[in-house]
Amino acid sequence: MANNGKDSGLVEPSKKRKAADVETQSVLKAKCVSYSQHKTDDSFSFLKNDSSIKNSNEEIAKSLSEVKTLYRMDFPDDFGKLWKFCAQICPSCPKNALLEPLGFSLCGPYDVFCGTKISEPFLHYRYHLDPPEFQTIITVPKSPELLHFGYFRDDPNLLPSFVVSSRPKSGCVLKYKADNLLELVHKEISDKVSKSQSNENRSLDSLLERLEKFAKKESVSLQCRERAFKDRKRRTQGTTFHKLGISVPVKDDIGYRPIHHDDTTLRKMMQRVAQCSTQTDRMAAFGPLHEQITFVQFANDESDFGMGLELGLNFFLHGSECFHKTAAKLMPVAYKFLNRDLYAEVIEKHLANRNSDPANIVYLT
């Protein structure tokens, strides 16, 4: 999405960080290339020493507790189990055990398992177009579209509904991928097996077999039935620019009322504002949108808090900096009315540090 706002002033990752990323990638590729037959090597010591990598059941449980405390929310069983599986594949660097076969790197909350000190959990691996409901768990470092995967949860007080993908260079759409992380990995490996040459299949088949045995032992379903997705769809209101809509409590028709324009019309209205070259023109073009904000105020007075959340999300998802203030007014209020106060903190922190370039990821550790 085009961004015509001024630079927010957020410092991009340093040259030192970029150089470290390149060095890490090359070493990991060399050491984890044989993911079915791991060999211990001390050359990972520059990245993580032995004492910082949490592989045992006791260490994983301790790390999970640290993650829940740091992020102030619960995580489902598949979160810890994916790390456990990756630790079996590549004990010296579990977070990159899937880098060679799938291009996946575990990130975000998983960095706690690596001993990384995360000072800003709300911003750590939060991309430009990631709404508070989306939490990055897996990144694809070589993806030209900045492909990343994560949990989607409407309420920070509840467990995630499912796993989605985002390609921010292609837009703000979030796509359902799986009900859990192990199912996601299984689907991605299976898809790659079906597209790969026969000589490549052997190693992938071996990995797939190991995953299936692990999932069976850990009682994790790998069958893509979209149960969680279908269940949420029955409780969804609106659509939003990311196409997943919102889900807010509605009782006796109180809790949500629709925006007065469909997504296509609303996006055109926003685009006219974003393309204005002067503040005077922008204020004039903003008139119809200001009317929508007035409707939200009426809706809030009558406890239809979902309308403000939907409109605020759309301002945020458009991506232009000229809508940051509007999103900052609508979204925190909606989240607080809905008792989703943690998301109010997330969006306030994100907007205060949001880079004007959608291609940039926010690294704060």
Please go through [X]'s hydrophobic cluster and name the other residues, only I, L, V, M, F, W, Y counting, with side-chain heavy atoms under 4.5 Å joining them.
{"X": "Val173", "answer": "none"}
{"X": "Leu244", "answer": "Phe134, Phe152, Phe162, Val164, Leu174, Tyr176, Phe229"}
{"X": "Ile254", "answer": "none"}

Query raised in the report: What residue among Asp78, Asn180, Thr136 forms side chain to side chain donor-acceptor pair (under 3.5 Å) with Tyr151?
Result: Asp78
side-chain contact (heavy atoms from CB on, under 4.5 Å) against [X], all qualifying residues, sequence neighbours excluded:
{"X": "Tyr256", "result": "Gln237, Ile246, Val248, Val250, Pro258, Glu310"}
{"X": "Lys68", "result": "Asp74, Phe75"}
{"X": "Thr236", "result": "Arg232"}

Taking ring-ring contact (aromatic ring centres under 6.0 Å, His included) as the test, write out the residues that go with [X], two or more places apart.
{"X": "Phe214", "value": "Phe85"}
{"X": "Phe323", "value": "Phe315, His318"}
{"X": "Phe295", "value": "His260"}

**Report entry** Salt bridge present between Asp111 and Lys95 (N-O < 4.0 angstrom)
**Finding:** yes
Query raised in the report: Quick one: do Glu58 and Lys62 make a salt bridge, cutoff under 4.0 Å?
Result: no
Query raised in the report: Does Leu159 share a hydrophobic cluster with Val67, counting links as ILVMFWY side-chain heavy atoms below 4.5 Å and allowing steps through other members?
Result: no
Report task. List in chain and number order the residues that pass side-chain hydrogen bond (donor to acceptor under 3.5 Å, both in side chains) with Ser194, two or more places apart in sequence or in another chain; answer none if no residue qualifies. Result -> none
Query raised in the report: Do Met331 and Pro132 come close enough that some side-chain heavy atom pair is under 4.5 Å?
Result: yes
Query raised in the report: At their closest point, which heavy atom of Pro91 faces which heavy atom of Pro94, and how far apart are they?
Result: O-CD, 3.5 Å
Query raised in the report: Taking the six-membered ring for Trp, are the ring centroids of Phe113 and Phe79 within less than 6.0 Å of each other?
Result: yes
Requested in this report: Only one of His128, His324, His350 passes ring-ring contact (aromatic ring centres under 6.0 Å, His included) with Phe316; say which it is.
Outcome: His350
From [atom1] ([X]) to [atom2] ([Y]), nearest 0.5 Å:
{"X": "Lys177", "Y": "Phe149", "atom1": "NZ", "atom2": "CZ", "value": "5.5 Å"}
{"X": "Asp281", "Y": "Phe286", "atom1": "CG", "atom2": "CZ", "value": "15.0 Å"}
{"X": "Arg354", "Y": "Leu129", "atom1": "CZ", "atom2": "CG", "value": "5.5 Å"}
{"X": "Leu204", "Y": "Glu188", "atom1": "CG", "atom2": "CD", "value": "12.0 Å"}
{"X": "Gln135", "Y": "His124", "atom1": "CD", "atom2": "NE2", "value": "10.5 Å"}
{"X": "Ile189", "Y": "Leu184", "atom1": "CD1", "atom2": "CG", "value": "9.5 Å"}

Query - Audit row: Ile138, Leu82, side chain to side chain contact (heavy atoms under 4.5 Å, CB included) steps and yes/no - result: CA-CA 11 Å; Ile138 297 172; Leu82 177 59; 4.2 Å; yes
Report summary line: So salt bridge (Lys or Arg N to Asp or Glu O under 4.0 Å) across residues 235-262, not counting sequence neighbours, yields Asp231-Arg235, Arg257-Glu302, Arg257-Asp304
**Report entry** side chain to side chain donor-acceptor pair (under 3.5 Å) pairs, two or more places apart, involving residues 283-298
**Finding:** His261-Gln292
